[in-house]
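Inspection log for the structure reproduced underneath, given as structure tokens.
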Amino acid sequence: VQLQASGGGLVQPGGSLRLSCAASGFTLRGYAIGWFRQAPGKEREGVSCSRQSSGIPSYANSVKGRFTFSRDNTKNTVYLQMNNLNPEDTAIYYCAATRRGVILSQCHRDESYDYWGQGTLVTVSS
């Protein structure tokens with residue numbers, strides 16, 4: 001079971017990036033998926049998640065309206081489209097997955113997930 005996150009890079013404030021998280025060794029359908037980030041000197045925080053029971057993604061308040069979670073089951077990949085980025089979005093971004101049932105209140109908590117990608121660095125700077 002592997003998750004491969006990619007798509008990070010350097011972008012100017014106001015710019016956009018799309019992160020990808022490709023799964024191998026298992027099928028993402030039936031898994032809850034979370035996107036997390038960890039900025040330098042800060043704890044890891046949940047950014048967005050999609051539970052098995054609901055196709056409606058959940059977002060942290062800090063990214064609501066700017067980030068969009070999506071799945072492509074044909075490619076066994078999930079995406080995080082990030083628009084209107086600002087320097088506070090600078091972090092290493094991780095994707096995570098679990099087959100365990102995840103309730104909404106736990107969707108953004110890293111202990112809810114069993115499998116983690118290696119992370120991809122997003123730097124927002126002029």
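Remark: Asp72 pairs with Thr74 by the side chain to side chain donor-acceptor pair (under 3.5 Å) rule, at least two apart or across chains. Residues satisfying the salt bridge (Lys or Arg N to Asp or Glu O under 4.0 Å) test with Arg99, not counting sequence neighbours, are none. Applying the side-chain contact (heavy atoms from CB on, under 4.5 Å) rule to Lys42 yields the partners Ala39; only residues at least two apart in sequence or on another chain are considered. Not counting sequence neighbours, the partners of Glu111 by the salt bridge (Lys or Arg N to Asp or Glu O under 4.0 Å) test are Arg109.
Legend: ring-ring contact (aromatic ring centres under 6.0 Å, His included) pairs involving residues 84-113, not counting sequence neighbours, sorted by first then second residue: Phe36-Tyr113. Evaluation of the salt bridge (charged side-chain N to carboxylate O under 4.0 Å, His left out) test over residues 23-38, restricted to residues two or more places apart or in two chains, returns Arg37-Glu45, Arg37-Asp89. Listed by first and then second residue, the disulfide (SG to SG under 2.5 Å) pairs that reach into residues 93-126 are Cys21-Cys95, Cys49-Cys107, sequence neighbours excluded. Sequence neighbours left out, the pairs with a member in residues 14-24 that pass side chain to side chain donor-acceptor pair (under 3.5 Å) are Ser16-Asn83.
A donor-acceptor pair under 3.5 Å is absent between the side-chain atoms of Arg44 and the main chain of Gln38, judged by distance alone. With hydrogens and angles ignored, the 3.5 Å screen pairs no side-chain donor or acceptor of Asn84 with any backbone N or O of Pro13.
In terms of heavy-atom proximity, Val102 sits nearest to Arg51 at O-CD, 3.0 Å. Here the closest non-hydrogen pair linking Lys75 and Thr77 is O-OG1, 2.8 Å. Across every non-hydrogen atom of Val47 and Val63, the tightest pair is O-CG2, 3.6 Å. Of all non-hydrogen atoms in Arg71 and Tyr31, the two that sit nearest each other are NH2-O, 2.7 Å.
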If you apply the rule side-chain contact (heavy atoms from CB on, under 4.5 Å), what do you find for Ser48 with Leu80, and how did you get there?
CA-CA 8 Å; Ser48 181; Leu80 186 68; 4.1 Å; yes
Is there a side-chain contact (heavy atoms from CB on, under 4.5 Å) between Phe67 and Leu85 once you walk through the steps?
CA-CA 9 Å; Phe67 289 13; Leu85 287 160; 3.8 Å; yes
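Of the inter-residue distances, the one linking Leu104 atom CG with Ile56 atom CD1 reads 10.0 Å to the nearest 0.5 angstrom. If you take CG on Leu17 and OH on Tyr79, they are separated by 15.0 Å, rounding to the nearest 0.5 Å. Expressed to the nearest 0.5 Å, how far CG of Asn86 lies from CE of Met82 amounts to 11.0 Å. Leu19 CG to Gln81 CD: the interatomic distance, rounded to the nearest 0.5 Å, is 8.5 Å. In this structure, CG on Leu3 lies 6.5 Å from CD1 on Ile33, to the nearest 0.5 angstrom.
By the criterion of side-chain heavy atoms lying less than 4.5 angstrom apart, applied directly or through intervening Ile, Leu, Val, Met, Phe, Trp or Tyr residues, Phe26 is grouped together with Val78 in one hydrophobic cluster. Following chains of ILVMFWY side-chain contacts shorter than 4.5 Å, one can reach Tyr59 starting from Trp35, so the two form part of one hydrophobic cluster.
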Just list the side-chain donor-acceptor pairs under 3.5 Å for residues 115-126, sequence neighbours left out, or say none.
| unit_1 | atom_1 | unit_2 | atom_2 | d |
| --- | --- | --- | --- | --- |
| Gln118 | OE1 | Ala5 | N | 3.2 |
| Gln118 | NE2 | Ala5 | O | 2.8 |
| Thr120 | OG1 | Gly8 | N | 3.0 |

